[in-house]
Amino acid sequence: MPKKLLRSFVLAVCMFAVSGCGIIDLIYLPPAEDTAQEIFEAANDAMSEKNYVRAVELYNKLRDNYPFSPYTVDAELSLADAYYLDEEYALASETYKDFESLHPRHEAIPYVLYQTGMSLMKQFHSIDRATTELEAAYEYFNRLCQTFPDSPYVKSAQENMIACRKLMAEHELYIADVFWHMKKYGPAWRRYDYIVNSFKDVPEVAEHAKEKSLAAYHNYREDQARLTREKRQGSWKEWFTWL
């Protein structure tokens with residue numbers, strides 16, 4: 001075979017081999033991973049489009065795959081915001097708490113405290129339910145006011161503290177009223193009295209509870225007197241029966 005023809009043949013084989021490797025790579029090698037910046041920007045786009053489920057997925061992906069990226073801290077906070085905006089308040093409150101635990105000196109901590117309080121407060125739906133979340137929300141709002149008095153979130157936090165206290169007082173009043181309607185005047189009186197002493201900062205509820213407390217106490221004393229009479233009469237009846 002002439003040298004020129006041989007050289008052309010070898011060159012063609014090499015080019016085919018290189019091309020074949022490229023084809024094989026395209027078919028069998030996994031696609032390149034998105035960068036942390038690309039994931040973060042895609043998540044932010046999803047937030048802008050109010051696609052919070054997608055945003056949560058992407059922020060979690062960034063946090064899991066790139067824990068030391070400069071975008072990760074912002075992604076952790078945005079993840080909590082995405083849960084909150086999607087009305088997943090239990091997940092939001094836990095994620096805000098995690099952020100505070102991981103980054104206690106971050107400049108966004110006043111916002112995080114406020115949002116934690118809001119997430120907890122929004123988990124309360126009815127006065128016939130326990131007030132555990134309300135009490136926790138009040139504490140977060142109070143921490144914000146005490147620790148960061150110059151924060152722009154303080155005014156709203158103070159208003160929410162008043163709202164929390166009113167809901168807690170109404171919850172206690174609901175329980176006292178249940179005892180009242182069941183004619184269990186002793187427990188009703190004690191509950192009304194507790195409201196009077198514990199919720200002086202909610203005067204409209206405390207004043208109503210004071211009136212009901214007096215009435216419940218009066219009925220309670222009457223019940224006690226009636227029971228005493230019935231017991232005494234029962235003893236006399238038993239004595240005459242024995243005779």
Inset, instruction - Please step through side chain to side chain donor-acceptor pair (under 3.5 Å) for the pair Tyr96 and Ser119, ending with a clear verdict. - result: CA-CA 9 Å; Tyr96 284 124; Ser119 301; 5.4 Å; no
Are any of the side-chain nitrogens in [X] or [Y] under 4.0 Å away from the carboxylate oxygens of its partner?
X: Glu100; Y: Lys97; answer: no
X: Glu57; Y: Arg54; answer: yes
X: Asp177; Y: Lys212; answer: yes

Legend entry - Glu172 vs Met168 side-chain heavy atoms within contact, under 4.5 Å: no
Does any N or O in the side chain of [X] come within less than 3.5 Å of the main-chain N or O of [Y], such that one atom is a donor and the other an acceptor?
X: Asn160; Y: Ser156; value: yes
X: His171; Y: Arg129; value: yes
X: Thr116; Y: Val112; value: yes
X: Ser198; Y: Ile195; value: no

Legend entry - side chain to side chain donor-acceptor pair (under 3.5 Å) between His218 and Glu222, intermediate numbers included: CA-CA 6 Å; His218 174 75; Glu222 283 196 339; 3.2 Å; yes
Legend entry - Asp34 side chain to Tyr66 side chain, donor-acceptor N/O pair below 3.5 angstrom: no
Specify whether [X] and [Y] have parallel, tilted or perpendicular ring planes, treating 30° as the upper limit for parallel and 60° as the lower limit for perpendicular.
X: Phe40; Y: Tyr71; answer: tilted
X: His106; Y: Phe99; answer: perpendicular
X: Phe141; Y: Tyr114; answer: tilted

Inset, instruction - List in chain and number order the residues that pass salt bridge (charged side-chain N to carboxylate O under 4.0 Å, His left out) with Asp86, two or more places apart in sequence or in another chain; answer none if no residue qualifies. - result: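 Counting only residues at least two positions away or on another chain, Asp86 forms no salt bridge (charged side-chain N to carboxylate O under 4.0 Å, His left out).
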Legend entry - Cation-pi, Tyr220 ring and Arg190 (6.0 angstrom, 45 degrees):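 Cation-pi check for Arg190 and Tyr220: passes.
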